[in-house]
J.: 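One structure, as structure tokens, below. Some questions next.
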Amino acid sequence: MGGVLWVEALWVEAFTGLRLGRFERLVRVVRERGGNGPGGGRPWCLPRADRVLVVAVYYRTNLTMRQLAPLFGISSAAVCRVIQRLRPLLAIEPAPRPVADVERLWIVDGTLVPVRDRTVAASSRNYRFSANVQVIIDADSRLVIATARPVPGNKADAHAWRESDLPAIAAGTTVIADGAYLGTGLIVPHRRRSGRPLLRGQEEDNTEHRRVRARVEHTFARMKNWKILRDCRQKGDGLHHAVQAVATMHNLAKAG
């Protein structure tokens, strides 16, 4: 029996959140990164664009592979094979190095992603086994600049930041964060100390800081429209690949 989903504007936008033109750019990225051939073994039962659609629909809807299989007219094993092969190829592009004399403002924050694999998760403040994912966005465009490899959800944001490769990526760029990043060298809000209220200028700074930093929270909300980030069933590097792919698709959707 054939599948009911294929690469057309109606299906792509409804099931991936991307307009057809943006989805076609995603397909080109996969092709350029070596996603054209079978990679050994049996030949693919779907053309490349449909295989990319399988992965994008999986991340957007978080359906099980058994549920995805009849939508594309293939077996659940074939769905698993497609996802395993293509998911690293959807990763976000590395951040460009800062250009001298160009003012840039980035925002970093961490978000907890529930994940079933307890080797990459820990019981965290939301009482679920979660992983802490650090994300940097550009304050002006609100595009994702980089994401870090997930760490157990009981790790503080400051520790997760220091252990990631994000400090090297952000070198030479102004980065703001919330109070959880105290002592990291990032720009954080002024702290209120016992018996010493903040000065008026400090209160105003904190108000502006909160207004700008809220953009990263809005970005997290949009990224979690890809439901894989609400309950990730993937093991090992699966969550890392999912976050990277969702960042790529978020950027494509935002650019549209």
Side-chain angles (χ1 to χ4, degrees), residues 17 59 90-114 124-126 130-192 198 201-226 228-230 239-240 242-256:
Y59 286 151
L90 273 63
I92 189 171
E93 293 281 355
R97 298 300 303 169
V99 179
D101 301 326
V102 175
E103 291 283 341
R104 303 177 73 176
L105 179 63
W106 289 354
I107 311 170
V108 66
D109 201 1
T111 186
L112 293 176
V113 178
S124 52
R125 63 176 180 265
N126 62 2
S130 306
N132 184 335
V133 178
Q134 299 282 303
V135 177
I136 295 177
I137 73 162
D138 182 86
D140 293 327
S141 65
R142 308 192 188 194
L143 299 179
V144 176
I145 300 298
T147 69
R149 184 171 291 275
V151 298
N154 59 358
K155 282 199 173 185
D157 283 342
H159 291 167
W161 165 264
R162 293 190 187 100
E163 293 176 4
S164 73
D165 58 352
L166 297 184
I169 293 173
T173 305
T174 303
V175 184
I176 70 172
D178 62 20
Y181 292 83
L182 189 68
T184 59
L186 305 178
I187 298 177
V188 299
H190 299 288
R191 295 184 67 189
R192 181 181 290 104
L198 294 179
Q202 293 175 323
E203 291 280 9
E204 292 173 352
D205 288 346
N206 282 1
T207 299
E208 180 63 15
H209 189 281
R210 286 193 298 269
R211 185 187 68 80
V212 175
R213 203 193 65 79
R215 298 172 190 177
V216 74
E217 301 292 350
H218 300 159
T219 298
F220 285 147
R222 292 188 181 95
M223 289 178 69
K224 289 184 178 181
N225 286 330
W226 281 268
I228 190 72
L229 300 187
R230 299 184 187 184
L239 176 59
H240 178 57
V243 172
Q244 292 265 301
V246 168
T248 298
M249 291 187 284
H250 162 79
N251 286 355
L252 286 172
K254 190 72 178 173

J.: Can you tell me how far apart CD (Gln244) and CZ (Arg149) are? Round to the nearest 0.5 Å.
T.: 8.5 Å

J.: Ala242: what forms a side-chain contact (heavy atoms from CB on, under 4.5 Å) with it, not counting sequence neighbours?
T.: Tyr59, Ile228

J.: Go through the structure and list residues passing salt bridge (Lys or Arg N to Asp or Glu O under 4.0 Å) with Asp157, not counting sequence neighbours.
T.: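 Once residues adjacent in sequence are excluded, Asp157 has no partner under the salt bridge (Lys or Arg N to Asp or Glu O under 4.0 Å) criterion.
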
J.: Minimum heavy-atom separation for Ala253 and Gly17, please, with both atom names.
T.: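 Residues Ala253 and Gly17, closest heavy atoms: CB-O, 4.0 Å.
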
J.: Before accepting this row, confirm whether a basic side-chain N of the pair Glu203/Arg192 lies closer than 4.0 Å to the acidic partner's carboxylate O.
T.: yes

J.: Could you walk me through whether Glu93 and Asn251 satisfy the side chain to side chain contact (heavy atoms under 4.5 Å, CB included) test, starting with their C-alpha distance in whole Å, then the side-chain angles of each, then the deciding distance to 0.1 Å, before giving a yes or no?
T.: CA-CA 10 Å; Glu93 293 281 355; Asn251 286 355; over 6 Å; no

J.: Does NE2 in His190 sit with more than 12 non-hydrogen atoms of other residues, nucleotides or ligands closer than 6.0 Å?
T.: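 Yes, because the 6.0 Å sphere around NE2 of His190 holds more than 12 heavy atoms from other groups.
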
J.: Could you list the residues that satisfy side-chain contact (heavy atoms from CB on, under 4.5 Å) with Ser164, not counting sequence neighbours?
T.: Ala148, Leu166, Pro167

J.: Supply the atom-to-atom distance Leu90 CG to Leu252 CG, rounded to the nearest 0.5 angstrom.
T.: 9.0 Å

J.: Any donor and acceptor pair, going by atom type alone, linking the side chain of His209 with main-chain N or O of Ile187 inside 3.5 Å?
T.: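 Yes; at least one donor-acceptor contact below 3.5 Å.
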
J.: Tell me every residue that passes salt bridge (Lys or Arg N to Asp or Glu O under 4.0 Å) with Arg215, counting only those two or more places apart in sequence or in another chain.
T.: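 Checked Arg215 against salt bridge (Lys or Arg N to Asp or Glu O under 4.0 Å); zero matches.
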
J.: How far does CD1 of Ile137 sit from CG of Leu105, to the nearest 0.5 angstrom?
T.: 9.0 Å

J.: What do you reckon, is CZ of Arg230 surrounded by more than 12 foreign heavy atoms closer than 6.0 Å?
T.: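 For Arg230, atom CZ is crowded (more than 12 foreign heavy atoms under 6.0 Å).
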
J.: Sequence neighbours excluded, which residues qualify as salt bridge (Lys or Arg N to Asp or Glu O under 4.0 Å) partners of Arg142?
T.: none

J.: About how many Å separate NZ of Lys155 and CZ of Arg162, when rounded to the nearest 0.5 Å?
T.: 11.5 Å

J.: The test is side chain to side chain contact (heavy atoms under 4.5 Å, CB included); show your working for Thr173 and Ile136 and say whether it passes.
T.: CA-CA 11 Å; Thr173 305; Ile136 295 177; over 6 Å; no

J.: I would like to know whether Val243 and Leu229 meet side chain to side chain contact (heavy atoms under 4.5 Å, CB included); could you show each step before the answer?
T.: CA-CA 7 Å; Val243 172; Leu229 300 187; 3.8 Å; yes

J.: Quick one: does Tyr181's side chain get under 4.5 Å of Asp109's, heavy atoms only?
T.: yes

J.: Looking only at heavy atoms, what is the nearest atom pair of Val246 and Met223, with distance?
T.: CG1-O, 3.6 Å

J.: Are the side chains of Thr111 and Lys224 in contact, using a 4.5 Å heavy-atom criterion?
T.: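 Yes, at least one pair of side-chain atoms sits under 4.5 Å.
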
J.: Mind checking whether Ile107 and Thr219 have side chains closer than 4.5 Å, heavy atoms only?
T.: no

J.: Do the non-hydrogen side-chain atoms of Leu186 and Trp161 ever get within less than 4.5 Å of each other?
T.: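 Of all side-chain heavy-atom pairs linking Trp161 with Leu186, at least one is under 4.5 Å.
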
J.: Taking only residues at least two apart or on different chains, which pairs with a member in residues 176-189 satisfy salt bridge (charged side-chain N to carboxylate O under 4.0 Å, His left out)?
T.: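 Only Asp178-Arg213 qualify under salt bridge (charged side-chain N to carboxylate O under 4.0 Å, His left out).
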
J.: For a quick test of reading the model, state the closest non-hydrogen atom pair linking Pro150 to Ala131 and the distance between them.
T.: CB-CB, 4.0 Å

J.: Does Val144 form a side chain to side chain contact (heavy atoms under 4.5 Å, CB included) with Ile92? I'd like the steps, not just the answer.
T.: CA-CA 8 Å; Val144 176; Ile92 189 171; 3.8 Å; yes

